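Below you'll find the structure, written out as structure tokens, and then a few comments.
Nothing here was measured: the structure is a model prediction, and the numbers come from that model. In what follows, chains are A, B, ... by sequence order, proteins preceding strands, each numbered from 1.
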There are 4 protein chains.
Amino acid sequence: MTTQSGKSPNPTRRSETSRRAILTAAFELVGEVGYARLSIEGIAARAGVGKQTIYRWWPSKGAVLFDAFLMLAEGRDDGSAALPDTGDLETDLRTVMRATVAELTDPRYDEPMRALTTELLHDPALAAAYTERLDGPMKELKRERLRSAQRAGQLPDELDLDLAVEMLWGPVRDRWLLRSGPLTPEYADAVVRTALGGLCSRP
Amino acid sequence: MTTQSGKSPNPTRRSETSRRAILTAAFELVGEVGYARLSIEGIAARAGVGKQTIYRWWPSKGAVLFDAFLMLAEGRDDGSAALPDTGDLETDLRTVMRATVAELTDPRYDEPMRALTTELLHDPALAAAYTERLDGPMKELKRERLRSAQRAGQLPDELDLDLAVEMLWGPVRDRWLLRSGPLTPEYADAVVRTALGGLCSRP
Amino acid sequence: MTTQSGKSPNPTRRSETSRRAILTAAFELVGEVGYARLSIEGIAARAGVGKQTIYRWWPSKGAVLFDAFLMLAEGRDDGSAALPDTGDLETDLRTVMRATVAELTDPRYDEPMRALTTELLHDPALAAAYTERLDGPMKELKRERLRSAQRAGQLPDELDLDLAVEMLWGPVRDRWLLRSGPLTPEYADAVVRTALGGLCSRP
Amino acid sequence: MTTQSGKSPNPTRRSETSRRAILTAAFELVGEVGYARLSIEGIAARAGVGKQTIYRWWPSKGAVLFDAFLMLAEGRDDGSAALPDTGDLETDLRTVMRATVAELTDPRYDEPMRALTTELLHDPALAAAYTERLDGPMKELKRERLRSAQRAGQLPDELDLDLAVEMLWGPVRDRWLLRSGPLTPEYADAVVRTALGGLCSRP
DNA sequence: TGCTAACCGAGACGGTACGTCCAGTCTTAGT
DNA sequence: ACTAAGACTGGACGTACCGTCTCGGTTAGCA
């Protein structure tokens with residue numbers, strides 16, 4: 001549940017109440033005051049918790065943020081849900097990509113995700129945990145949908161599915177990160193269409 | 001030259017010596033100690049400059065970093081250089097994408113670029129300046145190469161060149177940012193090939 | 001006119017306008033913001049003067065303050081006026097001492113005088129200038145009044161007049177400085193009476 | 001023990017070690033570098049203490065200095081000692097006044113006392129604390145000696161003892177403060193003799 | 001009357017210290 | 001043993017001034 005490694009305190013004594021309060025406070029605070037003003041002291045105060053309780057269980061601010069996302073992801077429990085599979089690959093991808101755009105655009109998630117991304121940028125261990133625990137499961141669902149298309153003969157068997165997922169979601173994440181252009185459902189559609197057909201193909 | 005806006009001090013009295021010392025110190029320091037330990041105080045000390053001289057001319061640490069990159073970019077003077085155009089689009093794109101991968105992989109630029117990216121993430125104004133001043137010119141070169149391919153009939157006229165560029169470089173930037181997979185020349189090649197042909201096409 | 005010593009700039013070129021503006025600004029400012037917040041920059045800004053004009057003509061903040069008092073003292077032109085001499089020494093001393101108390105109590109002079117006193121405390125050269133230029137003339141008037149009393153046989157010839165003046169005004173200055181007790185006209189009267197008669201005498 | 005007022009941090013958790021280190025450092029530093037160069041940062045550095053520990057417990061630099069004097073005064077433990085009482089008032093007063101002169105002349109105490117005096121000058125609350133905690137006990141001893149003289153019939157019962165003490169020590173403090181004349185044992189003797197006899201009396 | 005040196009305002013510069021915030025460690029008292 | 005609380009050392013923040021240093025623009029005095 002926690003990113004902490006190495007010699008830890010006895011986890012059976014851990015207060016679940018404090019844990020949830022900390023993660024909730026962290027997520028809310030980062031949304032309210034932004035990444036720059038997010039502090040351990042602030043989280044502890046908001047959660048009604050001693051600072052040491054945070055330092056005891058998490059190695060860094062980023063790890064707290066990470067666990068906060070993890071708690072949310074588990075709360076939604078969509079980890080087991082599959083992506084839509086109507087048989088029409090392009091439509092299904094559009095649906096999912098538009099959902100991604102909607103989430104990235106949601107002001108409640110924007111700041112927290114930027115904050116987490118910042119920590120991932122500078123902490124390879126955290127980034128690995130992210131890849132495995134948060135991004136991984138979602139990416140597997142995406143791969144699974146593409147695999148289904150391969151089975152249906154809509155995609156070549158030799159296609160590297162990891163690469164394919166990255167080609168679809170990479171441009172979207174890029175626009176979100178650097179705000180290099182409008183991040184709209186239409187953009188999602190265009191990415192899907194062009195990715196499937198290739199740059200060379202006439203639409 | 002500077003990101004500063006609003007009522008500024010008289011720029012004609014500005015010390016060019018201090019300006020260069022600050023930008024150089026900032027770039028070097030972030031490479032040495034990393035983003036987390038980069039401080040205005042540290043930059044000022046390393047540059048042999050009063051803190052106020054930094055606060056007078058730059059609104060944030062990110063703006064200093066941005067100008068440092070700008071100084072470097074202008075020093076390289078590749079702003080006017082065109083991308084290779086041998087007539088073979090795929091080969092040319094591979095060359096350029098491999099160069100991008102090489103730069104992102106270069107340890108001298110990795111940390112500074114991560115630091116700048118962090119600031120861009122949380123500062124829309126800075127991100128806009130980045131898009132216009134640093135990313136923009138390079139992106140125009142890329143668009144120009146694709147335009148040339150359009151003229152040669154290798155790419156359809158209706159292709160959105162912005163989208164095309166993002167589909168090529170987005171996945172690479174993504175892997176770099178989150179270290180979600182190995183960032184190799186081969187990956188660059190694969191992205192180019194798949195982007196051009198489309199996910200559906202048999203290689 | 002100035003406390004400045006050593007190699008000075010050519011005083012014939014000196015701007016009398018600036019000089020007066022600086023001294024006025026200094027006196028007013030210290031009364032408004034207090035000693036702790038009095039700064040050369042503030043004086044220069046208030047006087048509409050470059051900082052260098054202050055540094056050129058005065059060696060320290062205290063010297064500016066000193067000259068400000070000097071300007072005031074000369075403006076009042078009571079340097080030549082004699083103290084009252086009605087023949088009744090005690091009454092005359094009461095009058096003068098009450099005037100001293102009134103001045104020290106005047107809110108317009110209280111802060112400026114405290115500020116100047118602070119500087120005198122830590123700058124022997126300035127204290128010497130004060131003793132000679134500001135306190136000296138006034139003390140001579142006081143001595144003169146006592147001398148007149150000696151001539152009239154009201155005070156013994158052997159009396160050390162400096163000591164006498166200090167015994168009269170010292171306690172008053174003390175109460176003012178440390179606010180160690182109420183500084184009232186009645187106190188002035190009591191000091192005069194007791195000093196003349198001595199502690200041992202029955203009033 | 002401290003001048004701090006208003007809502008304070010929990011004093012039971014206070015580090016006595018840090019407190020003593022701060023007060024000692026403050027006293028030593030002011031003696032070494034003088035009032036003008038005395039800084040909170042310097043005190044903290046010398047004491048091996050975080051700046052916040054000073055700001056947490058004292059409201060101003062002057063309050064630190066005050067407590068430093070308080071610590072010294074308690075260390076000397078002469079608060080309970082009585083002044084000499086040989087029956088010869090003038091001689092006893094000379095002894096005590098000469099001691100005062102010696103202390104004010106002692107280079108180890110001169111700068112620190114000037115610094116404290118400066119703060120008292122501009123901080124009425126601190127001055128009140130000084131009057132009550134430091135000057136008060138000593139003044140009571142002086143009054144007590146004079147009271148004894150009253151009992152012995154050497155001083156009139158109607159004599160205001162506060163005034164008497166101020167008339168004796170005021171001139172001395174005055175000379176010390178403004179260096180308006182030589183501060184010698186002889187001066188102390190002259191003040192005592194003249195104060196007792198009065199200005200009018202023939203010595 | 002025109003030249004030139006000194007003064008003027010303005011304000012940028014390298015610095016020091018301010019008083020605040022927070023990091024991460026440690027101690028105390030309570031459950 | 002873990003917790004809430006919070007004092008501790010320490011480092012950086014962003015601001016205010018220090019005293020020095022140009023910079024153009026007057027201004028006075030000599031040529």
Side-chain angles (χ1 to χ4, degrees), chain A residues 9-15 17-19 21 36-45 47-57 59-61, chain B residues 9-15 17-19 21 36-45 47-57 59-61, chain C residues 9-15 17-19 21 36-45 47-57 59-61, chain D residues 9-15 17-19 21 36-45 47-57 59-61:
Chain A
N10 182 349
T12 67
R13 297 281 197 141
R14 182 169 188 179
S15 159
T17 308
S18 293
R19 190 186 147 269
R37 296 193 199 285
L38 180 69
S39 65
I40 300 273
E41 291 214 340
I43 296 170
V49 137
K51 284 201 296 176
Q52 197 58 31
T53 302
I54 299 183
Y55 284 109
R56 183 155 30 231
W57 300 108
S60 70
K61 202 165 61 179
Chain B
N10 183 347
T12 70
R13 295 244 184 277
R14 183 169 187 178
S15 159
T17 306
S18 295
R19 189 184 147 270
R37 295 193 202 287
L38 179 69
S39 65
I40 299 270
E41 291 215 340
I43 296 171
V49 138
K51 281 199 291 178
Q52 198 58 44
T53 301
I54 299 183
Y55 285 109
R56 180 152 38 227
W57 299 109
S60 69
K61 203 164 59 178
Chain C
N10 181 349
T12 68
R13 298 280 198 138
R14 181 168 191 180
S15 159
T17 308
S18 294
R19 188 185 149 271
R37 297 195 198 285
L38 180 69
S39 66
I40 300 272
E41 292 216 340
I43 296 171
V49 138
K51 285 201 294 176
Q52 195 68 314
T53 302
I54 299 182
Y55 285 108
R56 185 157 29 233
W57 300 109
S60 70
K61 201 164 62 178
Chain D
N10 183 347
T12 69
R13 296 245 182 277
R14 182 168 190 179
S15 160
T17 308
S18 295
R19 189 184 148 269
R37 293 193 203 287
L38 180 68
S39 66
I40 299 271
E41 291 216 337
I43 296 171
V49 138
K51 281 200 291 177
Q52 198 58 44
T53 300
I54 299 182
Y55 285 110
R56 185 159 28 235
W57 300 109
S60 68
K61 203 163 60 178

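- Among residues two or more places apart in sequence or in another chain, the salt bridge (charged side-chain N to carboxylate O under 4.0 Å, His left out) test is passed with A:K51 by A:E41.
- Evaluation of the side chain to side chain contact (heavy atoms under 4.5 Å, CB included) rule for D:I40 yields D:I54, D:Y55, D:K61 as partners, not counting sequence neighbours.
- Residues C:R14 and C:W57 form a side-chain contact, since some pair of their non-hydrogen atoms from C-beta on lies under 4.5 Å apart.
- Residues A:A44 and D:G50 each lie close to DNA chain F; by heavy-atom proximity, the contact nearer the 5' end of the strand is made by A:A44.
- Checking the phosphate oxygens (OP1, OP2) of E:dC8, a side-chain nitrogen or oxygen of C:W57 falls inside 4.0 Å.
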- Query: Could you write nucleotides 18-24 of chain E as a row of B, S and -, 5' to 3', where a protein heavy atom under 4.0 Å of any base atom gives B, of only sugar-phosphate atoms gives S, and otherwise -?
  - Reply: BBBBSBB
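- With a cutoff of under 4.0 Å to any heavy atom of chain D, the contacted region of DNA chain F is bounded 5' to 3' by F:dA7 to F:dA12.
- The two atoms that bring B:G50 and B:A44 nearest to each other are C-CB, 4.3 Å, heavy atoms only.
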Can you pull every protein N or O that's under 3.5 Å from an N or O on nucleotides 1-4 of chain E?
none

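- Backbone-only contact: A:S18 has heavy atoms under 4.0 Å from sugar-phosphate atoms and none from a base.
- With sequence neighbours left out, the side chain to side chain donor-acceptor pair (under 3.5 Å) criterion links B:S18 to B:S15.
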